[in-house]
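Quick caveat, the model's predicted, so the values are computed rather than measured. Residue numbers start from 1 in every chain, and the chains themselves are labelled A, B, ... in the order their sequence lines are given, proteins ahead of strands.
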Number of protein chains: 2
Amino acid sequence: MPVATVKYYLREGLLPAGERISTTRSEYGEEHLRRLGLVRALVQVAKMPIATVRAVLAAVDAPGSTLHYRLGAAVSSLPDGVGIEADGIDPAVERTVTELLSRLGWEFGLSAGEGYPPYRMLLRAVATLRDLGYPCDTETLLPYARAATTAAEADLDLIQGAGGSEKRIEAAVLGTLLYEPVLLSLRRIADAEESNRRFGGES
Amino acid sequence: MPVATVKYYLREGLLPAGERISTTRSEYGEEHLRRLGLVRALVQVAKMPIATVRAVLAAVDAPGSTLHYRLGAAVSSLPDGVGIEADGIDPAVERTVTELLSRLGWEFGLSAGEGYPPYRMLLRAVATLRDLGYPCDTETLLPYARAATTAAEADLDLIQGAGGSEKRIEAAVLGTLLYEPVLLSLRRIADAEESNRRFGGES
DNA sequence: CAACCTTGGAGAGTAGGACTATCCAAGTGT
DNA sequence: ACACTTGGATAGTCCTACTCTCCAAGGTTG
């Protein structure tokens, strides 16, 4: 990786400055190297814009009251759809989503509601599907929610498996983000598999 | 939506030209409008680059032998990680992934192997996790694969529910892409839910 | 039928993002 | 002593997704 890029990340505040030894020298340790690896992973694998990476890392570093609260704050910091205006969403879509969440017994998601970025992201995505004529009633969405639940349980197992409170926060945010491509690629492979199973012999 | 943008899409070959009525007038119908909606959805919701959208639409439009083959070809056209060199991947990662696929009985995925973009995407993602010290053994990945299977079954149900062969191809590719944000946002909401369940009362 | 408006088409221009290259002054190593 | 490196700052590059400006040919309205 080119030096200029590291300098750029330093400037952008994605990496903490090393310890100054003299005017022309700073010392970087294991921690810095790991952080650099994280940044690279977020930028290249999770394809996040620099500004988002900065926000995410800041949220991970920020102190907070309870672990659960910090987890929520950190995930909320993933803008992943800035400028998604919640306005102009068909009320029918909102009703469908609300029904889905309550059907699953996701009280927390229901109460967090509007303010939670993933919720707005979901509304937007469902509204798009609707506009294009793809089915998106509660019944259709349920299997996806079940799949999401399975993934979430695995996520939380990972988080609980992590060492201290700090490590858990990191695992929560970065783990969630970094396992995302894993889930997506597995889904596509599973699609091919299932398609082969159902249509394999067809002409 | 600004006219200039539509002109741009036309130039880029994302939209077919309308029927010429005279030198200065073309006629656009329902089909064109729908296509425009699709392009918009792929660009804004699925956050795909223009070049990828063109490739995807071309794959959807292209003729082919069997339905299953065309589905595969269409999904393969999603570069979603162009320039991912399969080289330099730790053989241990490859072994883990192979073991995972065979554990699931995904013979097709195993045989399609290297050439299939999602497979390379998976290798890359797992390798990154490994480098950062996150667990990514077969055991850890299994739940995600199970979640992926659930989603894939829902995908194929949707595809089978679609009308003709053409409609199915479209549903396969575009549906897969457009339900992706649904799955991702549901996962994040499920994460919050599960976190609340496990850590809700903790300090 | 004349003044005005619209459209398709082509080319250049813009804004933002992620680097990348160049300089320079202040050290370092031999 | 002298080539070499590093931190820091500034400016430049490349790419992408638009957006603007023109123009000529064709409609539209009073």
Could you tell me how far apart [X] ([atom1]) and [N] ([atom2]) are, to the nearest whole angstrom?
{"X": "L36(A)", "N": "dC19(C)", "atom1": "CG", "atom2": "P", "result": "11 Å"}
{"X": "M48(B)", "N": "dA17(D)", "atom1": "CE", "atom2": "P", "result": "12 Å"}
{"X": "K47(B)", "N": "dT16(D)", "atom1": "NZ", "atom2": "C1'", "result": "15 Å"}
{"X": "H32(B)", "N": "dG8(C)", "atom1": "NE2", "atom2": "P", "result": "11 Å"}
{"X": "E12(B)", "N": "dG9(C)", "atom1": "CD", "atom2": "P", "result": "15 Å"}
{"X": "L42(A)", "N": "dA18(C)", "atom1": "CG", "atom2": "C1'", "result": "15 Å"}
{"X": "I50(B)", "N": "dA17(D)", "atom1": "CD1", "atom2": "P", "result": "5 Å"}
{"X": "L10(A)", "N": "dA18(C)", "atom1": "CG", "atom2": "P", "result": "16 Å"}

Is any side-chain heavy atom of L42(B) less than 4.5 Å from a side-chain heavy atom of L178(B)?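 Contact flag for L42(B)/L178(B) side chains = yes.
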R40(A) and D131(B) ion-paired at < 4.0 Å: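 The answer is no: the pair does not qualify as a salt bridge.
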Any Lys/Arg nitrogen of E153(A) or R146(B) sitting under 4.0 Å from an Asp/Glu carboxylate oxygen of the other?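 Salt bridge between E153(A) and R146(B), a charged N being under 4.0 Å from a carboxylate O: no.
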Check: T140(B)/D137(B) side-chain N/O donor and acceptor closer than 3.5 Å: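 Judged by distance alone, the side chains do pair up.
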Among the nucleotides [options], which one has an atom lying closest to any side-chain atom of [X]?
{"X": "Y8(B)", "options": "dG9(C), dT19(D), dA9(D)", "answer": "dT19(D)"}
{"X": "V43(B)", "options": "dC18(D), dA10(C), dT20(C)", "answer": "dC18(D)"}
{"X": "A4(A)", "options": "dA21(C), dC18(D), dA9(D)", "answer": "dA21(C)"}
{"X": "K7(B)", "options": "dG26(D), dA10(C), dC18(D)", "answer": "dA10(C)"}

Under 4.0 Å between a side-chain N/O of [X] and OP1 or OP2 of [N], yes or no?
{"X": "Y9(A)", "N": "dC19(C)", "answer": "yes"}
{"X": "T5(B)", "N": "dC18(D)", "answer": "no"}
{"X": "R40(B)", "N": "dA17(D)", "answer": "no"}

Is the Y134(B) ring parallel, tilted or perpendicular to the Y179(A) ring (thresholds 30°, 60°)?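 If you compare the ring of Y134(B) with that of Y179(A), the planes turn out perpendicular.
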Please determine whether any donor N or O and acceptor N or O are separated by less than 3.5 Å between the side chain of R54(B) and the base of dT16(D).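 Counting by modelled atom types and ignoring angles, no donor-acceptor contact under 3.5 Å is found here.
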Distance-only donor-acceptor test, R11(A) side-chain atoms vs dG7(D) base atoms, 3.5 Å: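 There is none.
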5'-most contact on DNA chain D: I21(B) or Q44(B), nearest heavy atom basis?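 In this pair, the answer is Q44(B).
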